[in-house]
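Beneath this line is the structure, given in structure tokens, with notes to follow.
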Amino acid sequence: MKTKMKNLIKNYYILILFFVALVVFMLRSSFVLNHPSFYAEDGLWTGLIFNKGAIWTILNARQDYYPITIVLMIDLAKHLSAIFFGNDISTIPVFLYFISCVFYSLVAILPVITLKKRLNKYARLFIYLGILLLPLGTSTTEVLGRTLQTHFYIWIITLCLLIYRYDHKTTNKFNIFIIDIALILLVPTFPSVLLIYGTYGLIEIYNIIYHYYFYNRGYKEKRITLAKTKEMFICELSKFHIKSLLISAFIILIFALKIFIRMKNSSMDFGSGMSSNIIEIIVRAFIFPIVYGIYNNLNNQISLLIIIAFILFLVDGYFTIKKESRNFYIILLLAYLSIGVITITTRSSITLFLNNYQTSYPDRYYMLTNAMMFFPIGVIISDWLIQSRQGLKIFAMLIIFSVLFIAVFNYKKIFRLEKNDLPWITERDFKSQIIDSYNSDNRTNDGNYYIIEIDPEWEMNLPVKVVDDFVKLKN
């Protein structure tokens, strides 16, 4: 019986982890399910999809980047609602809730799947738990169960897909093709990942040059002709994973140029100014998942000691892991640190909310950097667990269990359940909002759209026929 159970778990390991993540994320966002309504751009863009279509919305919803993945998820929710419930558009937020939870669950298991050649199962489980139980503070109800903030995790998706692409580039052409198509959709939604994508391209170019250098040194002829060098170079470029990369890179470059022009001409203001408490910024941005349980009790003196200890841990980790893992460790460490620096420097005004460790808001902007913290630590854990030094093995296992230990002792900060900390997020459901707009005949000046107030600062316009059909259905 035990053997059968072990085989079952082994065969369906990924599927089990996915459904566990799905249940956890659904519980963490139960407020959204019990009060199904739209939030901010989720509602605005849903209205645009009804009025203009998904393609138009992708191209025009924002003045800077193209929210391809977000709009596609909203459009999917809209179509699923129509398939299962016809004209009952009040179910769209419910489908959006499920799609959001599925998305975050897939992100949680992605490192488990894609980093198999790099990390052992315990280290990958550590990263999975880190993403699954990531503290989101007061932003929980504006992150989980919504699609609006999903674009932040595109950094993680891109990183994992490119690592998988590199490790399997000569084994499965179909997977390479699917990854490159996915990257074409991902990069325009979160342009910062161009840094990861560009780095990957440089690594591939370096590999070609490195290959030729050593190939030429070991060549039987004393002199390599220009024709032979060209022949080898063309042969390398003809490989599927290089051709596919070049084509996808060309398409992404066009998107990147368009985004650069749009951002240059954009009038959007992300605010200015930065908190003068650099220590508090570092703690909130880079090591919050370690200290969130005691965050409100911290001060600069204690925080400085924690920062120094964390830096020493990362440095010691580099020197204690095997040499073959060090380049991979540096890549993940830079991916973690760089996105933190990008977040703080491009949206420096978010640090002004920090108030002597009494608030972690707005958590949504820090969640990517916080999630990335687990990746370089995962490399250290993976190597320590296979070393002969018993002390390192024990310490590695303690780090893994610490994620669960901290979450259990601070479960109210992880599973906020019905708690809504943001007063501007309405507890009224979408159905009530539609009925109120219909009863008050709140229409646009041309009379073609009903104006649905989804919260004090956001509204969406829905075609009169769509609302009329919904009201008839409910009456």
Side-chain angles (χ1 to χ4, degrees), residues 26 29-58 60-62 67 70-103 139-150 417-475:
M26 288 174 65
S29 56
S30 59
F31 172 87
V32 180
L33 179 61
N34 294 328
H35 304 86
S37 61
F38 290 107
Y39 173 65
E41 284 98 330
D42 275 353
L44 176 65
W45 294 347
T46 301
L48 290 177
I49 291 172
F50 268 105
N51 303 329
K52 302 288 187 177
I55 301 299
W56 187 95
T57 303
I58 287 171
N60 298 279
R62 289 189 61 97
I70 299 174
V71 172
L72 290 179
M73 283 190 278
I74 295 173
D75 195 46
L76 175 60
K78 172 179 172 287
H79 280 90
L80 289 174
S81 174
I83 291 170
F84 290 101
F85 293 96
N87 294 328
D88 189 357
I89 56 175
S90 66
T91 61
I92 297 177
V94 178
F95 281 101
L96 211 55
Y97 160 83
F98 282 109
I99 290 170
S100 170
C101 292
V102 168
F103 173 86
S139 286
T140 300
T141 49
E142 59 179 353
V143 174
L144 302 179
R146 321 282 190 183
T147 59
L148 186 58
Q149 316 302 337
T150 55
L417 300 180
E418 274 297 290
K419 190 174 183 180
N420 173 32
D421 299 286
L422 303 177
W424 55 85
I425 294 183
T426 180
E427 295 188 3
R428 298 176 66 245
D429 58 28
F430 187 44
K431 175 184 175 181
S432 302
Q433 294 167 345
I434 300 171
I435 297 298
D436 286 350
S437 179
Y438 177 83
N439 289 337
S440 62
D441 198 29
N442 187 13
R443 304 193 193 193
T444 55
N445 293 332
D446 58 15
N448 294 328
Y449 305 97
Y450 278 101
I451 302 173
I452 316 295
E453 294 183 358
I454 53 180
D455 64 52
E457 295 186 6
W458 294 90
E459 59 186 32
M460 61 189 293
N461 296 341
L462 289 177
V464 168
K465 186 179 184 308
V466 172
V467 174
D468 287 344
D469 290 342
F470 170 75
V471 173
K472 289 177 183 176
L473 179 69
K474 291 303 174 183
N475 290 338

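When a residue number appears, it is its place in the shown sequence, counting from 1.
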Might you point out which heavy atoms bring [X] and [Y] nearest each other, and give the distance in Å?
X	Y	result
S29	Y97	OG-CE1, 3.1 Å
A61	P67	CB-CG, 4.1 Å
E41	R62	OE2-NH1, 4.2 Å
I92	A77	O-CB, 4.0 Å
V143	S100	O-OG, 4.0 Å

Test item: side-chain donor near acceptor, D446 and T444, under 3.5 Å: yes
Using only heavy-atom distances, determine whether the side chains of T147 and D42 contain a donor-acceptor pair under 3.5 Å. yes
So that I can tick it off, tell me whether D469 and K465 are bridged by a salt bridge, with the cut-off set at under 4.0 angstrom between side-chain N and carboxylate O. yes
Roughly how far, to the nearest 0.5 Å, is the [atom2] atom of [Y] from the [atom1] atom of [X]?
X	Y	atom1	atom2	answer
Q433	I435	CD	CD1	11.0 Å
I454	S437	CD1	OG	12.0 Å
W45	I70	CH2	CD1	5.0 Å
K52	I58	NZ	CD1	15.5 Å
M460	T46	CE	OG1	5.0 Å
L462	F470	CG	CZ	10.0 Å

Look at the rings of F430 and F38 and say which category their plane angle falls in: under 30° parallel, 30 to 60° tilted, over 60° perpendicular. perpendicular
Answer yes or no: is there a donor N or O on one side and an acceptor on the other, between the side chain of [X] and the main chain of [Y], under 3.5 Å?
X	Y	result
R146	T141	yes
N461	G47	no
N60	W56	yes

Residue pair [X] / [Y], side-chain heavy-atom distance below 4.5 Å:
X	Y	value
N51	P463	yes
N442	E453	yes
F85	L80	no
M26	F98	yes

Tell me which one of I434, D441, V471 satisfies side-chain contact (heavy atoms from CB on, under 4.5 Å) with Y450. D441
Please check if the number of heavy atoms outside I55 that lie under 6.0 Å from its CD1 is greater than 12. no
CA sep, side-chain torsions, deciding dist, call: V32, L144, side-chain contact (heavy atoms from CB on, under 4.5 Å): CA-CA 8 Å; V32 180; L144 302 179; over 6 Å; no
